[in-house]
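Written below as structure tokens is the structure these notes are about.
In each ligand, atom 1 is the first atom listed, and ligand 1 is the first ligand listed. For this chain, numbers begin at 1 and follow the sequence in order.
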Amino acid sequence: MSTTALQTFIDPPRIRRQLAEGAKASAKDVAEVLDIAAEMKGLTPEQTAILLGNADPELWDETFRLAKQIKQEIYGRRIVLFAPLYVANYCQNDCLYCAFRCTNDDLQRHALSDEELAGEVRALESVGHKRLLMVYGEHPKYGIDYITHTIEKAYETKTADGKGEIRRININAAPMDVEDYKVLKRIGIGTYQVFQETYDPEVYAKVHPPRTRKADFPWRLYSLHRAQEALLDDVAIGALFGLAEWRFEVMGLLYHAIDMDEKFNVGPHTVSFPRLEPAHNTPFTTNSPNLVSDEDFKKLVAVIRLMIPYTGMILTAREKPELRREVLAMGCSQIDGGSRIGIGSYSGEEQGNIPDRQQFSIYDNRTLDDVIRDLAEMGYTPSFCTACYREERTGATFMGIAKHGEVGEICQMNAILTFSEFLVDYASDETKRVGFGLIKDEIADLDERRREMVEGALKKMTAGERDLYF
Ligand code: SAM
Ligand code: SF4
């Protein structure tokens, strides 16, 4: 794959033309696209641009309603939980929006030692986490050897009672070459995330100063193609909303998903849509001309759900609990809980944000137990399931199952089992009360064969077995 070619699958004049055309579409055109979206086969760029150009509040309400319906049909009531773990905050890049940028002299830099890393992992395990997203800056000292070492260390680390363990590690790390991706494949990571940050090459050039490695737009744009070449097939895209105009970014995400699907017969496993948040000593984060309002954030989430219905959507603790509750219903399938993003802060004393150790501020600082109880009260089944990855149901295999609706059945049963395990081992009394009530209803909704399978597994759990899945 040539990464120096100027022509990429992102064609800004074409995207702008499509958006301009979309903005001229009539209410009837929007309604027609919504009918097509209801078939859950995804949308073309032209159709997506029509939804993005809609100016009618009632049709937006209809878009939100449809996003909720699609989420319900494909993902049911499950929400997968994970925790981000920042391993080092050294970085050689100079991204204008990030507190880790090399010119930020006011940041406390640190890379976790092996002992500190084990302490962080144990702190996460002792509240019930099973899935991590390990996050890295980009620095020559912390290349592939450091990344693999820290991943292996985290997998190895268990709590003394034998119950706490990490079963899946996803990573967010800078683009690599195919050889390095083969190493990641070999050691067994879950999903590999690279966010393009912005799909608008002009804005990209403004926020990533020349001379830095990150300034190479195509190197980043094709990073997940290289990962696929290395057979690392669960890959995740994302855009940092707030850099360029939000509608343009939605189109960029769609073109990215389409190109991957065309070349590798599988789209991205998940999509992330982080919003730019204030960061220590980083004025750009509050001055950017394209900051996204809550209202527009809801719109972009709903349109993403409609345009790529089978792609998991990740909603992070960057957002406040109230907005998370609202947006969750519109198609999100994964959220983080109990997140702390200051280096070393899971095992430390300090609560909440620690600005001069963090990449940016987060606004949902609730504990994992609180997040889980809230989800259960809203009728969602929190899931810590890691079965697909361990059964090698990844990449095209996973998408094949997803598109035939089988994910729903297997995942729902595994969600019940992993949620029960959380309740038994880690939950507060109040969360247990709400959670077991929900599980009773969930089991009652299963057909007889599946109910027997789940009840059989729950008996084994009562007898002390753990990590049960189908
Ligand atoms: N250094 C790696 C790279 O460049 O790919 C990992 C990036 S960083 C640790 C993870 C993501 O956080 C970035 O890709 C970016 O989208 C997001 N991020 C950076 N600054 C942010 C901010 N101020 N607010 C919200 N998200 C931010
Ligand atoms: Fe470094 Fe990533 Fe932050 Fe850019 S976004 S400064 S590459 S950690």
Side-chain angles (χ1 to χ4, degrees), residues 84-105 107 109-111 133-144 146-147 150 170-176 180-181 184 191-199 203-204 206-209 211-217 219-224 226-227 235-244 249 252-253 270-288 290-292 297 314-320 336 339 341-343 353 355-364:
L85 173 57
Y86 279 71
V87 188
N89 62 6
Y90 288 90
C91 193
Q92 65 187 1
N93 290 317
D94 203 10
C95 312
L96 256 57
Y97 47 82
C98 176
F100 290 177
R101 71 191 186 286
C102 61
T103 55
N104 187 1
D105 296 330
L107 190 81
R109 306 271 171 186
H110 190 58
L133 170 68
M134 290 177 69
V135 188
Y136 301 84
E138 183 169 19
H139 196 275
K141 271 198 329 205
Y142 305 108
I144 186 69
Y146 178 77
I147 293 177
T150 48
N170 299 335
I171 74 163
N172 182 315
M176 302 174 201
D180 285 354
Y181 288 139
L184 290 182
T191 308
Y192 171 59
Q193 294 186 336
V194 174
F195 302 159
Q196 185 58 27
E197 318 298 13
T198 172
Y199 287 93
V203 177
Y204 192 94
K206 280 188 195 142
V207 296
H208 301 113
R211 296 169 287 97
T212 59
R213 196 155 160 73
K214 194 149 167 182
D216 190 340
F217 179 85
W219 172 252
R220 196 169 183 88
L221 194 62
Y222 287 100
S223 55
L224 300 177
R226 292 193 299 279
V235 293
I237 60 174
L240 180 54
F241 280 88
L243 299 179
E249 304 293 24
L253 288 168
T270 55
V271 55
S272 293
F273 33 90
R275 264 201 299 188
L276 194 58
E277 302 296 349
H280 184 64
N281 196 27
T282 308
F284 181 84
T285 54
T286 42
N287 296 340
S288 169
N290 288 311
L291 294 178
V292 177
F297 187 66
I314 303 181
L315 175 66
T316 70
R318 289 175 179 86
E319 307 300 338
K320 294 188 185 77
D336 52 342
S339 295
I341 63 170
I343 307 283
N353 287 303
D356 65 352
R357 294 220 307 262
Q358 286 184 196
Q359 194 184 14
F360 50 83
S361 299
I362 56 172
Y363 292 96
D364 185 349

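Heavy atoms of Leu240 found under 4.0 angstrom from ligand 1 belong exclusively to the side chain. Residue Glu197 touches ligand 1 through its side chain alone, judged by heavy-atom distances below 4.0 Å. Contact annotation for Arg101 and ligand 1: no heavy atom of the residue comes within less than 4.0 Å of the ligand. Counting heavy atoms under 4.0 Å from ligand 1, residue Tyr97 touches it through both backbone and side chain. With a 4.0 Å heavy-atom cut-off, ligand 1 is reached by the backbone of Tyr136 but not by any atom from C-beta on.
Summarising the geometry, atom SG belonging to Cys95 is positioned 4.0 Å from atom NE2 belonging to His208; distances are rounded to the nearest 0.5 Å. Between the CG atom in Leu184 and the CD1 atom in Ile147 there is a gap of 6.5 Å [rounded to 0.5 Å]. Atom-to-atom distance recorded for Gln196:CD and Leu253:CG is 9.5 Å, nearest 0.5 angstrom. One distance of note links CD of Glu249 with CG of Asn290; it measures 8.5 Å at 0.5 Å rounding.
The protein heavy-atom contact nearest to atom 7 (S) of ligand 2 is Asn93 ND2, 3.3 Å. From the protein, the heavy atom lying nearest to atom 2 (Fe) of ligand 2 is Lys214 NZ, 3.7 Å. For atom 4 (Fe) of ligand 2, the closest non-hydrogen atom of the protein is Cys95 SG, 2.3 Å. Ranking the protein heavy atoms by distance from atom 6 (C) of ligand 1 puts Asn172 OD1, 3.1 Å first. For atom 27 (C) of ligand 1, the closest non-hydrogen atom on the protein side is Phe360 CD2, 3.5 Å. Among all protein heavy atoms, the one lying closest to atom 8 (S) of ligand 1 is Gln359 NE2, 2.9 Å.
Nearest heavy-atom pair across Thr270 and Ile314 is OG1-CD1, 3.7 Å. The nearest pair of heavy atoms linking Tyr181 to Pro175 is OH-CA, 3.5 Å. Taking every heavy atom of both residues into account, Tyr199 and Gly238 meet most closely at OH-O, 4.0 Å.
Tyr86 and Gln359 share a donor-acceptor pair across their side chains, judged by distance under 3.5 Å alone. Side-chain contact of Thr282 with Arg101: a donor-acceptor pair under 3.5 Å is present, judged by distance alone.
Near Gln359, meaning under 4.0 Å from one of its heavy atoms, ligand 2 places the atoms 3 (Fe), 5 (S). Each of the atoms 2 (C), 3 (C), 5 (O) of ligand 1 lies under 4.0 Å from some heavy atom of Ala174. For ligand 2 and Phe100, the ligand atoms under 4.0 Å from any heavy atom of the residue are 3 (Fe), 8 (S). Using a 4.0 Å cut-off to heavy atoms of Gly137, the atoms of ligand 1 that qualify are 1 (N). Atoms of ligand 1 lying under 4.0 Å from any heavy atom of Arg275, numbered from 1 in the order shown and given with element: 24 (N), 25 (C). Of all the atoms in ligand 1, the ones that sit under 4.0 Å from a non-hydrogen atom of Thr285 are 23 (N). Less than 4.0 angstrom separates some heavy atom of Cys91 from each of these atoms of ligand 2: 1 (Fe), 6 (S), 7 (S), 8 (S).
Remark: distances from the non-hydrogen atoms of Val135 to ligand 1 include one below 4.0 Å. Proximity of Gln193 to ligand 1 is not established, as no heavy-atom distance is less than 4.0 Å.
Arg275 forms a cation-pi arrangement with Phe297, by the criterion of a distance under 6.0 Å to the ring centre and an angle within 45° of the ring axis.
Any N or O atom pair closer than 3.5 Å counts here, and Arg318 shares at least one such pair with ligand 1.
For atom 5 (O) of ligand 1, the nearest non-hydrogen atom from the set Lys214, Arg220, Glu277 comes from Arg220.
Between atom 3 (Fe) of ligand 2 and Cys98 there is an N/O/S contact shorter than 2.8 Å.
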Does the ring-ring contact (aromatic ring centres under 6.0 Å, His included) test come out yes or no for Tyr204 and Phe217, once each step is laid out?
-> CA-CA 7 Å; Tyr204 192 94; Phe217 179 85; 5.0 Å; yes

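Contact check on Glu138 versus Lys214 returns no salt bridge, with no Lys/Arg side-chain nitrogen under 4.0 Å from an Asp/Glu carboxylate oxygen.
Here the rule is ring-ring contact (aromatic ring centres under 6.0 Å, His included) with Tyr142, and of Tyr90, Phe100, Tyr136 only Tyr90 fits it. Considering Thr212, Asn104, Thr103 in turn, Thr103 is the only one that fulfils the side-chain hydrogen bond (donor to acceptor under 3.5 Å, both in side chains) rule with Asp94.
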